[in-house]
Amino acid sequence: MANFSKSNVPQFSVDVYQNEYLPEGGREVNAIVTVSATGGGTVGSAVAAPHLYSAGQAPDAAVAIMVDCSGSMDYPPAKMRGARDATAAAIDAVRDGVHFAVIGGTHVAKEVYPGDGRLAVADAGTREQAKQALRRLSAGGGTAIGTWLRLADRLLSSAEVSIRHGILLTDGRNEHESPEDLRSALDSCAGRFTCDARGVGTDWEVKEVTGIASALLGTADIVADPAALSADFTHMMETAMGKEVADVALRVWTPVGTEIVFVKQVAPAVEELTDRRTEAGPRAGDYPTGSWGDESRDYHVCVRVPTAGIGQEMLAARVSLVIPRSDGSVQNLGAQGLVRAVWTDDMAASTSINPQVAHYTGQAELAQVIQQGLDLRKAGDVDGATAKLGRAVQLAGASGNADTAKLLAKVVDVVDVAAGTVRLKARVAEADEMTLETRSTKTVRVKK
């Protein structure tokens, strides 16, 4: 039987991949920092068996499922049916002892279960009651996602737990509140809970859904066919149940005279973190990474160091993992990596690009040119779109990103992968274009 005790907390490790050698006058240092958590939450089939959690081992988690109930969810009716079935499947995957709630979202947010501003505690009885309550879900009204998020925040914050997570499903554009209202809601929820966002069908706005997931350090995806929602919701909930440590930050310390150029997550998806820095004492800053179970992620750290003479070396940055506390204290997770700079007149050493750095630089460019290409295509700039999407095909082929290559092939006819020669397809299914845009930031790991 799987052991899900609270003592089953992951152990963190940090590995740094870089070419530390700089030419005379060189100042920019790039490193890929791989963070791994092992021995913690279990993601997979075991999680889907809530009864495996024995008495006294209640998980330290709360989840809120936000279901779009706007009028458009009835067109076609399969969307609302799919949403009900998917939410029921997700509820089945909630472990015993986890606090949970279901929210119905329109131009206002309503508590579907349990109600009265409370969270339910999962067991066989409350899971069944929640699924019964789903029968009351019906479509009607508008869409104001910020109100859903604010209600989820109020409910999740009522539980004395460390892991707080949301799952949000929408089928339409956020038309009943201003972009500023949604941004304000996201700003107030950021750091309080993580959230996965899904768009069902093809009538929603990709940048809205991906923006929600990005702000709340979750995942975003399209579910074009409502029939696929249940499997996706089950997987999301199982993954959420596997999280064991919340609010982990990547702390980057740099010496005097050294500045951070950027910090970004590059695997499993590209996520810019530079502007999310919070100061953490002299010359140190924290970059949020969200919640962790058993998993590994890669980060690209770029720093600019002072110039130095041939033969000199310095510590360019120290990267560690911490959990900042609200009282100003910090829990150090006991893992750190060092980024070095060594000046040399050996041309071969100083011009060699580390394979991991080269790979993820290409993956970040791949995400960028796909977004640019699709935007230019929508704007009617055929030549610009062709050039950008051709470069994307070239990068996807060179890095072995087969999934992205397949998605690109639904939008362009590929003439020559290596040269990046493509032609825009005259007709593209809306779902295919939205899938490419939504998944454009997903990356592949470096081939070992």
Side-chain angles (χ1 to χ4, degrees), residues 62-94 98-122 126-159 164-177 181-182 185-186 188-189 193 195-201 203-205 208-209 212-213 216 218 220 223 226 229-230 232-234 236-237 240:
V63 293
I65 306 172
M66 293 160 271
V67 184
D68 192 337
C69 296
S70 60
S72 57
M73 285 291 285
D74 249 350
Y75 301 95
K79 277 198 287 193
M80 199 69 232
R81 286 199 302 272
R84 286 194 206 97
D85 292 345
T87 305
I91 289 167
D92 278 336
V94 177
V98 169
H99 297 72
F100 76 103
V102 180
I103 294 168
T106 59
H107 52 284
V108 293
K110 296 181 180 177
E111 298 174 48
V112 175
Y113 182 83
D116 297 326
R118 298 177 296 111
L119 292 168
V121 177
T126 56
R127 278 192 291 272
E128 184 58 35
Q129 290 168 13
K131 288 187 285 184
Q132 294 290 337
L134 294 178
R135 297 178 181 177
R136 300 197 297 269
L137 287 182
S138 60
T143 305
I145 295 174
T147 65
W148 315 355
L149 293 167
R150 290 184 187 278
L151 176 56
D153 184 30
R154 288 197 297 275
L155 293 172
L156 292 171
S157 64
S158 69
R164 296 184 176 89
H165 188 73
I167 290 175
L168 184 148
L169 173 71
T170 185
D171 84 319
R173 293 171 176 82
N174 197 44
E175 295 176 335
H176 291 83
E177 67 181 357
D181 286 340
L182 177 57
L186 289 170
S188 69
C189 294
F193 67 95
C195 185
D196 296 322
R198 295 293 184 267
V200 60
D203 294 328
W204 48 280
E205 179 59 50
E208 281 180 356
V209 170
I212 291 165
L216 302 181
V223 186
L229 277 173
S230 289
D232 188 64
F233 265 47
T234 300
M236 277 193 290
M237 187 62 78

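All residue numbers refer to positions in the sequence shown, counting from 1.
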Measure the [atom1]-[atom2] distance between [X] and [Y] for me, rounded to the nearest 0.5 Å.
| X | Y | atom1 | atom2 | value |
| --- | --- | --- | --- | --- |
| L149 | D181 | CG | CG | 12.0 Å |
| E205 | T170 | CD | OG1 | 11.0 Å |
| D196 | H165 | CG | NE2 | 3.5 Å |

Within the side chain of [X], is there an N or O that forms a donor-acceptor pair under 3.5 Å with the backbone of [Y]?
| X | Y | answer |
| --- | --- | --- |
| E111 | G117 | yes |
| D153 | C189 | no |
| R198 | L229 | no |
| R136 | V112 | yes |

For [X] against [Y], the heavy-atom pair lying closest together:
| X | Y | result |
| --- | --- | --- |
| L155 | L119 | O-CD1, 3.1 Å |
| T106 | G140 | CG2-O, 3.2 Å |
| W148 | M66 | O-SD, 3.7 Å |
| A120 | Y113 | CB-CE2, 3.5 Å |

Side-chain heavy atoms of [X] within contact of [Y], under 4.5 Å:
| X | Y | value |
| --- | --- | --- |
| D68 | K79 | no |
| P226 | R81 | no |
| T147 | H107 | no |
| L186 | I212 | yes |
| I65 | F100 | no |
| T126 | V94 | no |
| L134 | I91 | yes |

| Distance only, no hydrogens: is a donor on one side chain within 3.5 Å (strictly under) of an acceptor on the other, for S72 and D171? | yes

| Stepwise side-chain contact (heavy atoms from CB on, under 4.5 Å) test for V98 and V63 | CA-CA 8 Å; V98 169; V63 293; 4.2 Å; yes

| NZ of K110: more than 12 outside heavy atoms within 6.0 angstrom? | no

| request: Apply side-chain contact (heavy atoms from CB on, under 4.5 Å) to T143 and E175, showing your working. | output: CA-CA 6 Å; T143 305; E175 295 176 335; 5.6 Å; no

